[in-house]
Amino acid sequence: MTEILDRPQTDRTGAGIGPDAEIVARATALVPLIREHAARSSEERRVVPEVVDALEQAGLFKLLVPARLGGLEANLRTTMECIAEVGRGDGSTAWAVALLNVCTWFSTTFSDEAQQEMFGTPDAKACGIFSPPLKSERVEGGYLVSGRWSYSSGSFAATWATLGIGLEGDGDPRALALIPAEAWTIEPTWFVAGMKGSGSDTIVVNDHFVPDHRIQRFTDMVEGSFRTSHKGDEQNANMAFIPVAALILVGAQVGLARHARERTLAGVPSKNVAYTCYTNAKNSPTHQIQTAEAISRFDQAELLMQRACADVDGAAAAGVQLDKLTRARVRNDTGIIGELVKDGIDKLMSVNGASSFADANVLSRIWRDSEIAGRHALVMPELGKEAYGRMLLGTDEPLTLDV
C-alpha cells in the first residue's frame, strides 16, 4: 500500500484521492431511514419516495457532478464510500444510487450544450445501459432511435438516460446517447430474487430524435476523449471511463459486507450452538475461524477498493489518462471484490445458522442482494481476470474487453 500512501491527498481542484468525511457522513446519517424502508422498497420494486427525497436533499445523487452544475464534485473514493454506507442500509438502494451517480457522471462528459440542456433543472439525474438499440438510423443532424434497454436501474427516479446506440460509418459503431425521460416509458420487467428494490426495469424508446451534440462515441469515452470542454479544470472530467463504470458497481457489495459483519458480531457471540457443548458461539472454534475468514475477505475487498479508487483519482487529479495495464487491473480487482464479498457473506450465513435464510431475517436479503450484484457483466471475475492476464502477459491477440 506504500504507493497509495505516498500520493498527494489533494490537488488543484481540492478533490484529490482521499475521502471527504463530511460528505460520507451524510450517507451514514441516512442508514437508519434506509433500513426502515428497505423491506417496503423491495416489495414496491423501487426505492420508496421518502428515501429518494432524503438522498436528494443530501446531494447523494450528484456526488460526481461538477459544482458549476450544482453538484458536490466529490472524487471516486468519496462516492464509493457513500454508496457503501447506503449499502449498509440496503443493497437495492445502494445499487440505484450507484447507477444514478455513474450515469449522471457520464452525462457531465458530454458536450457543453448537452450538459446545459440536462442540468437546466436542479433534480437532473440519469440512469443508463450500454446495450445496443433495435433501431439507430442516421438522419439530418442526428439519429432516430428506437429500442428496449433492460436492467435500467434507478430509472424510476431518472430524468434522463445514457443509452447505447449504433453509429453509421467506419470504426466501432458503439455510442452513448443522452435521452430525456419524456422520450421513454418504463416497462416493469425486474422480477428477481435479489436487488428487488433497484427498479432495474426496461426503458422503451420509439423513434426519438437524438441530436449529434447529445451523442458520444464509446471508443472515445474509453480512451478519455470526452466531449466536455472542462477537462483542464475539473478532476472528474479526467476519470477513466470503464474503470469507473465497473468499480462503482461493487460499492453496494462493500456496503452489504459491512452490514453482514455488523449483524454477525452483534448476534452470534451469545448464540447457542445446537447439538454441541457450546452455549455461546463466541467460544466455538468453528465459528471463530469462519468469522475470521469472512471478515478477512471483507478487509481485502475494502483494500482493493481503496487502491482502485486511488489509481483512478490519482490519474484524474494529475490530468492524465490512466494507463491501460492499470485500467485492466481495476477491471480485475472489481471482480475480485465482488467475489470476496460473496464468499465472505456465504461464510457468515453458515456462522449465523439456518435461521439466517428466513424471509424475516435481514441477512437473507443481504445474501440475495450480493448474489445478484456479483453477476453483473462488468463485475464477473473471470472477465476481469482475462483482461488483466492478457495485459500482463502481452498476448498476441487483441484485447476483446473494454478496460
Side-chain angles (χ1 to χ4, degrees), residues 15 23 26-27 30 41 46-74 78-79 82-83 86 93 95-129 141-143 145 149 152-165 175-186 198-216 221 226-230 233-234 236-237 239 244-245 248:
I23 295 176
R26 300 186 194 186
L30 293 180
S41 290
R46 55 172 289 173
V47 182
V48 298
E50 296 92 327
V51 173
V52 172
D53 290 345
L55 291 163
E56 190 88 66
Q57 292 171 16
L60 296 181
F61 290 124
K62 295 185 181 295
L63 290 166
L64 297 171
V65 174
R68 63 182 170 81
L69 296 175
L72 295 178
E73 204 164 336
T78 300
T79 300
C82 286
I83 294 167
V86 172
T93 303
W95 189 268
V97 168
L99 270 294
L100 286 166
N101 269 288
V102 77
C103 294
T104 302
W105 170 67
F106 297 162
S107 306
T108 69
T109 71
F110 276 67
S111 70
D112 293 3
E113 184 178 0
Q115 291 180 53
Q116 290 303 318
E117 289 173 350
M118 174 173 166
F119 291 96
T121 58
D123 64 340
K125 48 189 173 294
C127 60
I129 290 291
Y143 280 80
V145 175
W149 289 265
S152 297
S153 305
S155 51
F156 58 87
T159 59
W160 290 76
T162 52
L163 301 176
I165 69 168
L176 283 187
L178 194 56
I179 298 178
E182 54 264 29
W184 39 268
T185 57
I186 299 175
S198 63
S200 303
D201 287 314
T202 299
I203 282 180
V204 181
V205 176
N206 290 307
D207 287 333
H208 175 69
F209 172 70
V210 184
D212 287 328
H213 68 268
R214 291 188 198 160
I215 296 172
Q216 281 204 93
M221 298 181 77
F226 300 125
R227 294 190 66 181
T228 178
S229 68
H230 293 275
D233 53 22
E234 290 175 0
N236 290 349
M239 288 199 298
V244 174
I248 207 160

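FYI, side chains are in, hydrogens and waters are out, and symmetry mates aren't considered; it's all heavy atoms of this structure. Numbering starts at 1 and runs along the sequence shown. All values reported here derive from a predicted model rather than from experimental measurement.
- Heavy-atom minimum distance, C127 versus S153: CB-O, 3.5 Å.
- Using a 4.5 Å heavy-atom cutoff, the side chains of V65 and W105 are not in contact.
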Determine, stepwise, if the pair I186 / T202 fulfils side chain to side chain contact (heavy atoms under 4.5 Å, CB included). CA-CA 6 Å; I186 299 175; T202 299; over 6 Å; no
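- Across F156 and A96, no two heavy atoms sit closer than the pair CZ-CB, 4.2 Å.
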I23 vs C82, test: side chain to side chain contact (heavy atoms under 4.5 Å, CB included). Steps then yes/no. CA-CA 8 Å; I23 295 176; C82 286; 3.7 Å; yes
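- Of the charged side-chain nitrogens involved, none lies within less than 4.0 Å of a carboxylate oxygen, so that E56 and K62 do not count as a salt-bridged pair.
- With hydrogens and angles ignored, the 3.5 Å screen pairs no side-chain donor or acceptor of S152 with any backbone N or O of S155.
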Under the criterion salt bridge (Lys or Arg N to Asp or Glu O under 4.0 Å), I'd like the reasoning laid out for R68 against E73: C-alpha separation, chi angles, the key distance, then a yes or no. CA-CA 9 Å; R68 63 182 170 81; E73 204 164 336; over 6 Å; no
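- Of all heavy-atom pairs between L163 and G128, the closest is CD2-CA, 4.4 Å.
- Here the closest non-hydrogen pair linking W149 and G164 is NE1-O, 3.1 Å.
- Within the 4.5 Å cutoff, side-chain heavy atoms of T79 are placed close to those of I248.
- Residues N206 and T185 have side chains not in contact (no heavy-atom distance under 4.5 Å, counting atoms from C-beta outward).
- Taking the side chain as every heavy atom from C-beta outward, I179 and V210 approach each other to under 4.5 Å.
- Taking NE2 of H213 as the reference point, atom CD of E117 lies at 3.5 Å (rounded to 0.5 Å).
- With rounding to the nearest 0.5 angstrom, the CD atom of Q115 is 6.0 Å from the NE2 atom of H230.
- Taking NE2 of H208 as the start and CD1 of I165 as the end, the distance is 10.0 Å to the nearest 0.5 Å.
- Put simply, the side chain of T104 reaches to within 4.5 Å of the side chain of F119, judged on heavy atoms.
- You'll find the side chain of P66 reaches within 4.5 Å of the side chain of L69, heavy atoms only.
- One side chain, D112 or S229, offers a donor N or O that lies under 3.5 Å from an acceptor on the other.
- Shortest non-hydrogen contact noted between D123 and T159 is O-CG2, 3.9 Å.
- Taken from CZ in F226 to CG in N236, the straight-line distance is 10.0 Å, to the nearest 0.5 Å.
- Summarising the geometry, atom CG belonging to L176 is positioned 5.5 Å from atom OG1 belonging to T162; distances are rounded to the nearest 0.5 Å.
- Each of V51, V86, L60 was scored for a side chain to side chain contact (heavy atoms under 4.5 Å, CB included) with L30, with one residue passing: L60.
- The nearest pair of heavy atoms linking F110 to R214 is CE2-O, 3.2 Å.
- Judged purely by atom type and a 3.5 angstrom limit, R227 uses its side chain to pair as donor or acceptor with the backbone of I215.
- Distance check: R26 CZ to T78 OG1 gives 11.0 Å after rounding to the nearest 0.5 Å.
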